[in-house]
Visitor: 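So that we are looking at the same thing, I have put the structure below in C-alpha cells.
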Amino acid sequence: MSETGEMLALAARAGRRGMGLVEPNPMVGAVLARGGRVLGVGHHRRFGGPHAEQEAIARCAALGHTPRGATLYVTLEPCASRGKQPACVDALIEAGVDRVVAACPDPHPTKGGGAELLRAAGIPVEFTRECPPASRLAEPFVHRLATGRPWVIAKWAQSPGGSLRTGADGSRWISGEQARRRVHRLRGRVDAVLTGIGTVLADDPMLTVRGVRDRRKARRVIVDPRLELPPDSRLVRSCGDVPVTAACLPEVESGRVGALRDLGVEVIEVPSGAGHGTMDLAALLVLLREHHHASTLLVEAGPRLLESFLRADLVDEAVVYVGGAACTRAPRAGPGALVVGDRYQHTRARSVGPDVEHLFWRTR
C-alpha cells in the first residue's frame, strides 16, 4: 500500500470511532503528516463538536509539531462554510497546510466546495479512492442526502451450510456470545432497530441494548401491516423507557390503532407495497427519517422481511455471522439462505469467538 493509502486507512480507522456519536453529521477522520511521519490524528467525536481537521491540527500542536508545510489526509472534503463549527478550509489555510488529499467530495449543498476554496488559496487538493475504507466512511451521510432515507444495516446469522434456522439441539442461537455482544454494540450506535411482527409473535424480543454501553437510544420499529402487536408484549410494556413505533397499513381498524396509542406506542400508517398485504418499505424509511431524523437503521428480522429489504434494494450494508465456521471466505447460499447478490461487495471477514463475521457493502 502506498503512503497515501496508509494515511487514509489510518484516518478511516480514526473516523469510525465516531459512529453513534456524530450523526446526522458524517463520520470523518484526518491525519496530518510530513515526509511519511504522522504529526497528528483527529476525528469528529460528537455532533456539534470540532471537526476532524480541527482535531488533527490541535493534536499536532499538542505533540509539539507544526502543521505548516504538512499534508492533510482526510476521509471527506473539508467543509467550506461555518455551521456549528468554523469552516475547516479557514483552519487549514491559517495552519499553513501544504496539500490536502481527500477520499470523498462533500455533496452537502452549503458545506461542500471546500476544495475550490483551498485551491484558490494556493493549496492543492487531490481526490483519490485508493483506500476503500476511507472512501466508504462518509457513504451513510452521502446516502441520506441523496435518498432522504436512513442508512440500512441488515444483520443475520446463518449456519455454515446457509440455514437461518436454529440447530436441532434446541439452541435458540446460531452465533455465539461474542457475536451477540457485537450485535448489541451495533444496536447502541444506530437510531432505530427494525423487525417484523412475525419475530415479535414468535420470540417476544426487547430489541434493547444489553451488556454494553449505548451511544444512542434506538427506537424500536415493528413492520406490522395488520397491527397485531400484542398489548402485553415486552415491547409495549417497555415503550415508556425506549420508544416503539408500529408501522401498519392504512386500512387497519381504528380501534386497534387507538388501543396501542393509549399504551404509548406510536402507530404510523405506511402505503401498501406491490404485493397484497405488503408495505412500501422505502416509504417507511422516509417516514422514519422525516419524523424521527433517523440516520441509521438496523434490520434484525426473519428471513422473509430481510429478503424483502434485499429485493427492494434497500440494504446498504449487511453484517452476516456464520456460526461455528472457521472459513473467512464469503458465505455461500444454502437451503433457506439469504442471497446477498452481485450488488454487494464482500469487504471484510473476521473471527468472533467460534464464529466469523462477514461485512458486505452495496456497490454504487
Side-chain angles (χ1 to χ4, degrees), residues 12-29 43-50 52 84 137-141 143-144 149-157 172-173 175-196 199-200 203-223 229 233-247 264-266 284-285 288-289 291-301 306 315-321 348 350 352-353 355 357 359:
R13 290 194 296 272
R16 188 75 179 176
R17 298 173 191 159
M19 183 181 181
L21 297 171
V22 304
E23 292 85 357
N25 283 354
M27 293 179 285
V28 183
H43 70 281
H44 189 29
R45 296 176 180 271
R46 59 178 178 82
F47 179 73
K84 289 182 171 59
L137 192 65
E139 281 196 17
F141 172 72
H143 167 82
R144 294 192 300 270
R149 301 192 302 262
W151 180 262
V152 173
I153 305 168
K155 167 267 166 185
W156 68 87
R172 182 182 176 186
W173 310 105
S175 56
E177 182 178 346
Q178 288 169 273
R180 296 197 298 274
R181 184 179 179 87
R182 286 181 63 84
V183 173
H184 277 277
R185 188 175 71 171
L186 183 55
R187 284 183 188 175
R189 297 185 178 190
V190 297
D191 292 316
V193 177
L194 180 146
T195 196
T199 297
V200 175
D203 300 334
D204 193 21
M206 283 287 286
L207 300 179
T208 52
V209 175
R210 298 184 296 280
V212 297
R213 295 183 65 180
D214 59 343
R215 298 180 171 186
R216 303 215 151 192
K217 193 72 70 176
R219 174 173 292 272
R220 298 168 295 174
V221 180
I222 317 303
V223 176
L229 181 61
S233 65
R234 295 201 295 170
L235 284 166
V236 175
R237 295 202 309 268
S238 62
C239 69
D241 299 318
V242 183
V244 174
T245 294
V265 176
E266 179 193 52
L284 170 58
L285 294 176
L288 292 172
R289 175 73 173 147
H291 291 183
H292 300 295
H293 307 289
S295 296
T296 50
L297 179 141
L298 175 64
V299 178
E300 289 192 68
L306 280 165
V315 174
D316 304 296
E317 180 182 348
V319 182
V320 183
Y321 292 96
R348 190 187 71 205
R350 65 168 57 168
V352 180
D355 312 315
E357 177 191 76
L359 181 64

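The first residue of the sequence shown is numbered 1, and numbering continues consecutively from there. All values reported here derive from a predicted model rather than from experimental measurement.
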Visitor: Within a strict 4.5 Å, meaning less than it, do heavy atoms of the Arg45 and Leu21 side chains meet?
Guide: no

Visitor: Does the side chain of Asp203 reach to within under 4.5 Å of the side chain of Thr195, using non-hydrogen atoms?
Guide: no

Visitor: For a quick test of reading the model, state the closest non-hydrogen atom pair linking Val183 to Glu300 and the distance between them.
Guide: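 Closest heavy-atom pair between Val183 and Glu300: CG1-OE1, 3.7 Å.
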
Visitor: At what distance, to the nearest 0.5 angstrom, does CZ of Arg187 lie from CG of Asp214?
Guide: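 That separation rounds to 11.5 Å.
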
Visitor: Using side-chain hydrogen bond (donor to acceptor under 3.5 Å, both in side chains) as the criterion, list what pairs up with Thr296, not counting sequence neighbours.
Guide: none

Visitor: With no hydrogens and no angle check, is any side-chain donor or acceptor of Arg181 less than 3.5 Å from a backbone partner on Gly211?
Guide: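 Side chain of Arg181 to backbone of Gly211: a pair is present.
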
Visitor: Quick one: pull up CZ in Arg350 and CD in Glu357 and give me the separation to the nearest 0.5 Å.
Guide: 6.0 Å

Visitor: Strictly distance-based, threshold 3.5 Å: is any side-chain N or O of Asp316 a donor or acceptor partner for the main-chain N or O of Val152?
Guide: yes

Visitor: Between Ala154 and Leu306, what is the shortest heavy-atom contact and its length?
Guide: CB-CD2, 3.9 Å

Visitor: Could you give the distance from CG (Leu297) to CG (Leu288), rounded to the nearest 0.5 Å?
Guide: 6.5 Å

Visitor: For residues Val221 and Ala192, report the shortest heavy-atom separation together with the two atoms involved.
Guide: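 Looking at all heavy atoms of both residues, the closest pair is CG2-CB, 4.2 Å.
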
Visitor: Side chains of Val319 and Arg182, heavy atoms from C-beta outward: is any pair under 4.5 Å?
Guide: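 A side-chain contact is absent here, since even the closest heavy-atom pair is not under 4.5 Å.
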
Visitor: So do the side chains of Ser175 and Arg180 get within less than 4.5 Å of each other, counting heavy atoms only?
Guide: yes

Visitor: Nearest 0.5 Å, what's the NZ-CG distance between Lys155 and Leu359?
Guide: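 The distance works out to 14.5 Å.
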
Visitor: Which distance, rounded to the nearest 0.5 Å, do you find between the CG of Leu298 and the CG of Asp191?
Guide: 11.5 Å

Visitor: Check for a donor-acceptor pair, side chain of Arg216 on one end and backbone N or O of Gly20 on the other, with a separation under 3.5 Å.
Guide: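 Side chain of Arg216 to backbone of Gly20: a pair is present.
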
Visitor: Quick one: does any side-chain atom of His44 pair with a main-chain N or O of Gly29 as donor and acceptor, under 3.5 Å?
Guide: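 Checked: no pair found.
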
Visitor: Answer whether the closest heavy-atom distance between the side chains of Asn25 and Phe141 falls below 4.5 Å.
Guide: no

Visitor: Do the non-hydrogen side-chain atoms of Thr245 and His291 ever get within less than 4.5 Å of each other?
Guide: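 Sidechains of His291 and Thr245: no contact.
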
Visitor: Can you give me every donor-acceptor pair (side chain of residues 235-242, partner residue at least two apart or in another chain, under 3.5 Å) with its distance?
Guide:
| residue | atom | partner | partner atom | Å |
| --- | --- | --- | --- | --- |
| Arg237 | NH1 | Asp232 | O | 2.4 |
| Ser238 | OG | Arg220 | NH1 | 2.9 |
| Ser238 | OG | Arg220 | NH2 | 2.9 |
| Ser238 | OG | Arg234 | O | 2.8 |
| Ser238 | OG | Leu235 | O | 3.3 |

Visitor: Mind checking what makes side-chain hydrogen bond (donor to acceptor under 3.5 Å, both in side chains) contact with Arg17, not counting sequence neighbours?
Guide: none

Visitor: Can Glu23 and Arg189 be said to form a salt bridge (Lys or Arg N to Asp or Glu O under 4.0 Å), step by step?
Guide: CA-CA 10 Å; Glu23 292 85 357; Arg189 297 185 178 190; over 6 Å; no

Visitor: Please report the shortest heavy-atom distance between Ala179 and Val352, naming the atom on each side.
Guide: N-CG1, 3.6 Å

Visitor: Locate the shortest heavy-atom distance separating Leu284 from Val223; write the atom from each residue and the value.
Guide: CD2-CG2, 3.9 Å

Visitor: Does a side-chain heavy-atom distance below 4.5 Å link Arg13 with His43?
Guide: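 Contact flag for Arg13/His43 side chains = no.
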
Visitor: For a 4.5 angstrom cut-off between non-hydrogen side-chain atoms, does Ser295 reach Arg144?
Guide: yes

Visitor: Taking all atoms of both residues into account, what is the closest heavy-atom pair of His292 and Glu266, and its distance?
Guide: NE2-OE1, 2.9 Å

